[in-house]
Amino acid sequence: MARQNGKPAGQSAAERGIQERLEEEQARNDLFAGKDEGIKIDPTSRALEDQTIDQLVHTAVGTHKDTTASAQRALKMVEESRKMQAETLRQLESQNSKMQNIGDKMDNMNAELTYAEKLLSYMRRCCCCCFFDSCTGADPEEARKRQWNRRVDKLAAAGTLRTLDAAIRLTAAGAAVPATADAYDLHVMAVHLVGTLLNHSKALPILPAPAASGAQQQQQGQPQGQPGTGCEGDQLGVLVTAAKLARLLAAGWEAPPAGGLAVVMPVSAVVRAALESSMRNAEVGLRARLAEAAAEAAAQGGHACDPRVRCVSVEHEAYALAARSACLLAAALALCVALAIRVDPEQHAALVDGVTLVLWRLPAWVQPGGELPLPAGQVLAAQPHRLLAAAAQLLRRTPQPHAILARALLAALVALAAHEQLGGRLQGWLASPPPPVGGSGGDGGELGCLREATQGAVPRLLKIDPRGCGMVLALLQLAADDAGTSGGGAGGGRVGGDVSGGSAFRSASLAMADQLSKNAYQAEWMFLPDGSCTAGLVQELMARGAGAGVTGPVVALPAALGQLGASAQLRRLRVCGNPSCDNFEAPSEGELPLKKCSGCRAVRYCRAECQTAHWGAAHKAECAHLASRG
């Protein structure tokens, strides 16, 4: 049978309509049952009245698909929202923890500020003087003096300096081991506080008044240098601790550290300033004590009580220890600044000023009329040749000419050259060094150790002070000329012998010292023993070209001096003899378990490690000599 339009022919219209409706009904059933594949509806082949139903079916199919896709996208968005919510919760918890930590730190800071306010209030009540008097009819000035003296007595009786000493040692012990930056900051704050308080020597005098001599103190039953009820050892403790800490830092700076300067340099600078304050504080009372000892020595006509020959008391030894520590630390810091190790400009200026202050102290220690004389052995224990070498190199490396540093360097050189026992030593340091093949160690190693550094500073001296430059040129020339004729100069000199130097060097240095003392250390042209003038030496230098060598390399410091003699020992003062000792466990140095060396009985050590270290470094060569000297 023939077919028309895909359908059997001869089929009536009614049959075809029934067939189509059956097919549409089957299609709907298949659609709702999920069987939409293969369904094809052609509305154009249907009657007009049936097209609306077909369109609804078609729309329903499309809507179902769109709804399914939308639901899937919504589920994905819900999942992403949950993840974002979880991440937000974690961030909020972390932020909450950080805020809690900040709150705790703020509470700690508030507690520390409250404590600091109480401490400052206490210090203000203790250290400040009232400038009014409630008494009537009395001299206000005398009343203020009595009130001040009573407050000073109360501070001494309360052990204020002993407390400050214990504070420095406690923070130093915490900073000696591998510690955090907070430990160093606390140590710096403690040292700075002590140094600031000691600047006011009238409020906290380390040596308030002349006390009994060392012999009398021993007769009274109090060990010298040992903290006791008399408060004398307590007063000295802060000076000894500051000196020990400076000596330890100086030993650590022998080789400038490559890292950690941001921590080490501030500590060294603050310790140097605190030691300077301690020494200046102690000098007020020490001058009177040394003047009494010198007068007693002159009256007896001997050297037993002469402070220029040996230390006459435990206070004198404590000051000598502080002096050597100040020189050692100043030399190390000066070399580091000369090596252009980066420090901020303010700290650079403070370090240069600190080195200058130590240089100015040298003439007071060695001049015949000095108010703070030190024995030659104690001066040599301060290694002045290293300080002079570092200062000379620092002078030529400062950004701008430093006139005060130049004048201090000149005064120190002339004072040492004019010293009866140290003149020959300085002459040997300024002499021409021997050939390298002839070096044999010992004192011969000192020969010429200061000449290169001093010659390097001459061009800068010429720009700052031509007359002072002429004196330095004369010392260099006379040292080289007399080295071959003076045994003391050639050999470096020894304390206790004829070590004043060659005749020409000696007479010229004495004339320079006399001229500087009369003109307040203002140099002038002067004639030398051979008839020449220092002006001629300067003219020769300028003719050769004075600018050469200004920016030359920085040379290493000379080797430390050894076998300094009996006058360099600290026999009364209780302090560990190891320069690298870092034991600050006891509240004061005198309370450490110090034991004397069994060989010489002149040096004390706080532990076996310190004795072993010092034996290999220096004491082995001098122990037998000290034992023979008693």
Side-chain angles (χ1 to χ4, degrees), residues 338 356 359-360 362-363 385 388-418 423 426-433 448-484 489 501-555:
T356 305
L359 276 176
W360 275 119
L362 274 176
H385 64 311
L388 293 172
Q393 298 188 82
L394 177 61
L395 178 64
R396 64 186 177 93
R397 305 285 292 193
T398 52
Q400 299 295 330
H402 201 290
I404 300 179
L405 177 60
R407 193 176 300 173
L409 179 62
L410 173 64
L413 286 171
V414 172
L416 288 174
L426 181 71
Q427 180 184 345
W429 297 342
L430 295 178
S432 300
C449 66
L450 191 56
R451 188 175 184 85
E452 182 179 0
T454 306
Q455 287 178 330
V458 164
R460 179 59 67 91
L461 279 171
L462 179 60
K463 294 182 179 180
I464 297 174
D465 184 7
R467 292 176 173 83
C469 180
M471 288 187 175
V472 174
L473 289 174
L475 290 176
L476 289 169
Q477 177 176 303
L478 293 173
D481 294 342
D482 288 350
S503 58
F505 184 88
R506 172 70 174 169
S507 58
S509 59
L510 288 174
M512 293 178 188
D514 182 65
Q515 190 271 322
L516 289 178
S517 63
K518 291 179 179 179
N519 296 329
Y521 294 101
Q522 293 288 342
E524 297 291 344
W525 302 119
M526 59 177 300
F527 288 96
L528 302 179
D530 60 356
S532 61
C533 182
T534 55
L537 298 177
V538 172
Q539 291 176 355
E540 293 179 6
L541 177 66
M542 297 178 64
R544 295 195 305 266
V550 176
T551 58
V554 177
V555 298

Asks: Taking R396 for the side chain and R460 for the main chain, is one N or O donor matched with an acceptor at less than 3.5 Å?
Replies: no

Asks: Please give me the minimum heavy-atom distance between L461 and A406, naming the atom from each residue.
Replies: CD2-CB, 3.7 Å

Asks: What are the two closest non-hydrogen atoms of A504 and S507, and how far apart are they?
Replies: O-OG, 3.1 Å

Asks: Quick one: list whatever passes salt bridge (Lys or Arg N to Asp or Glu O under 4.0 Å) with E540, sequence neighbours left out.
Replies: none

Asks: Would you indicate whether E452, at its atom CD, is surrounded by more than 12 heavy atoms from other residues, nucleotides or ligands within a distance under 6.0 Å?
Replies: no

Asks: For S432 and A480, which heavy atoms make the closest approach, and how far apart are they?
Replies: OG-CB, 3.8 Å

Asks: Would you indicate whether the side-chain heavy atoms of L541 and C469 approach each other to under 4.5 Å?
Replies: yes

Asks: Enter the distance from W525:CH2 to L537:CG here, rounded to the nearest 0.5 Å.
Replies: 9.0 Å

Asks: Out of the candidates L450, L388, V472, only one should pair with L430 under the side chain to side chain contact (heavy atoms under 4.5 Å, CB included) rule; please name it.
Replies: L450

Asks: Before giving the answer on side chain to side chain contact (heavy atoms under 4.5 Å, CB included), spell out for T534 and R467 the whole-Å C-alpha distance, their side-chain angles and the decisive distance to 0.1 Å.
Replies: CA-CA 7 Å; T534 55; R467 292 176 173 83; over 6 Å; no

Asks: Can you tell me how far the CG atom of L510 sits from the CZ atom of R506, to the nearest 0.5 Å?
Replies: 4.0 Å

Asks: Can you name the salt bridge (Lys or Arg N to Asp or Glu O under 4.0 Å) partners of R451, sequence neighbours left out?
Replies: none

Asks: Please check: side-chain N/O of S532 versus main-chain N/O of L528, any donor-acceptor pairing under 3.5 Å?
Replies: no

Asks: Do M512 and L410 touch side chain to side chain, with heavy atoms closer than 4.5 Å?
Replies: no

Asks: Measuring from atom OG1 of T356 to atom CG of L394, what distance do you get when rounded to the nearest 0.5 angstrom?
Replies: 7.5 Å

Asks: I need the E524 CD to M471 CE distance, nearest 0.5 Å.
Replies: 7.5 Å

Asks: Work out which heavy atom in A417 is nearest to a heavy atom in L475; give both atom names and the distance.
Replies: CB-CD2, 4.3 Å

Asks: Nearest 0.5 Å please: distance from the CG atom of D514 over to the OG atom of S509.
Replies: 11.5 Å

Asks: Do the side chains of L478 and D530 get nearer than 4.5 Å, heavy atoms only?
Replies: no

Asks: Can you confirm whether L409 sits close enough to L405 that some side-chain heavy atom of one is under 4.5 Å from a side-chain heavy atom of the other?
Replies: no

Asks: Pairs in or reaching into residues 404-417: which pass salt bridge (charged side-chain N to carboxylate O under 4.0 Å, His left out), with residues at least two apart or in two chains?
Replies: none

Asks: Measuring only between side-chain heavy atoms, which start at C-beta, is C449 closer than 4.5 Å to H385?
Replies: yes

Asks: Can you name the closest pair of heavy atoms from I464 and A403 and give their distance?
Replies: CG2-CA, 3.6 Å

Asks: Are W360 and I404 close enough that some pair of their side-chain heavy atoms sits under 4.5 Å apart?
Replies: yes

Asks: What is the minimum heavy-atom distance between D465 and A523, and which atoms define it?
Replies: OD2-CB, 3.9 Å

Asks: Nearest 0.5 Å please: distance from the CG atom of L473 over to the CD atom of Q539.
Replies: 12.0 Å

